[in-house]
Amino acid sequence: MTRSLTGGCACGAIRFETTSEPIVEIHCQCRDCQKRSGTGHSSYLTFSRRADVTIAGEAKTWRVAGDSGNEKIHAFCPTCGTPVYLTFQAMPELIAVHAASLDDPSQFSPQLVTYGIHGHAWDRIDAALQTFERMPAG
Ligand SMILES: [Zn+2]
Ligand SMILES: [Zn+2]
């Protein structure tokens with residue numbers, strides 16, 4: 001059975017939907033994710049084909065160079081400010097959506113942690129998850 005994942009920003013102006021399965025689900029503790037989320041990490045479901053994720057509503061974007069030097073393009077709702085999805089200049093087919101923007105956030109099933117080197121003592125993540133100091137190659 002194909003499950004569908006739906007979600008959107010806090011005010012509902014941006015909505016997304018997909019029936020594809022994420023290729024990876026992560027917590028990221030890099031400083032950029034901390035700054036944007038306002039807390040210790042951000043959580044994402046990453047999909048391999050951007051075209052498989054249908055997005056409704058007009059997001060605004062801004063760019064920041066990640067630790068790896070690759071630009072990340074952050075899309076957020078211009079009305080409520082919620083970060084909704086993320087794309088990568090170097091890997092234009094990938095798209096990541098924020099776990100908490102799912103209508104049913106229990107569909108998020110984290111598999112690993114990236115940039116654990118920047119994690120804070122007050123932001124303890126499930127120790128059973130494989131934790132990478134930075135971004136694993138690829
Ligand atoms: Zn919004
Ligand atoms: Zn990050």
Side-chain angles (χ1 to χ4, degrees):
M1 198 180 86
T2 310
R3 70 170 181 168
S4 88
L5 293 163
T6 59
C9 67
C11 79
I14 313 283
R15 297 287 304 163
F16 63 80
E17 179 169 10
T18 185
T19 53
S20 47
E21 286 297 314
I23 49 168
V24 68
E25 304 183 49
I26 69 166
H27 294 301
C28 182
Q29 294 186 305
C30 81
R31 288 289 292 138
D32 171 52
C33 287
Q34 292 176 4
K35 288 260 186 189
R36 271 180 314 108
S37 69
T39 184
H41 64 275
S42 289
S43 304
Y44 304 99
L45 299 85
T46 303
F47 300 89
S48 59
R49 279 166 35 98
R50 195 170 174 165
D52 290 344
V53 180
T54 306
I55 296 163
E58 205 60 44
K60 282 212 180 241
T61 60
W62 65 285
R63 292 163 178 258
V64 64
D67 276 21
S68 59
N70 288 327
E71 271 202 342
K72 296 179 286 187
I73 303 153
H74 292 290
F76 64 97
C77 173
T79 302
C80 68
T82 305
V84 193
Y85 60 92
L86 174 63
T87 53
F88 310 88
Q89 190 168 49
M91 294 167 282
E93 273 301 304
L94 292 189
I95 182 167
V97 301
H98 288 257
S101 66
L102 291 172
D103 292 333
D104 177 6
S106 72
Q107 290 177 308
F108 176 57
S109 171
Q111 298 159 328
L112 54 94
V113 180
T114 54
Y115 291 100
I117 197 168
H118 295 303
H120 299 297
W122 46 261
D123 185 47
R124 288 268 174 258
I125 291 180
D126 184 356
L129 293 178
Q130 187 177 12
T131 299
F132 295 90
E133 280 199 353
R134 295 190 164 77
M135 189 62 75

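Whatever order the structure lists them in is the order used to number ligands and atoms, beginning at 1. Residue numbers count from 1 along this sequence.
- Residues Thr18 and Ser20 have side chains that bring a donor and an acceptor to within less than 3.5 angstrom of each other.
- Enclosure of atom CD in Gln111 by more than 12 non-hydrogen atoms of other residues, nucleotides or ligands within 6.0 angstrom is indicated.
- With Ile95 as the partner, the side-chain contact (heavy atoms from CB on, under 4.5 Å) test is satisfied by one option alone out of Leu45, Asp52, Thr87: Thr87.
- With the Zn ion (ligand 2) at the apex, Cys30 SG and Cys28 SG define an angle of roughly 120° (rounded to 10 degrees).
- An angle of 110° is found at the Zn ion (ligand 1) between Cys11 atom SG and Cys77 atom SG, rounded to 10°.
- Only one option out of Thr131, Thr114, Asp123 pairs with Gln29 in a side-chain hydrogen bond (donor to acceptor under 3.5 Å, both in side chains); it is Asp123.
- Residue contacts to the Zn ion (ligand 2): His41 brings no N, O or S atom closer than 2.8 Å.
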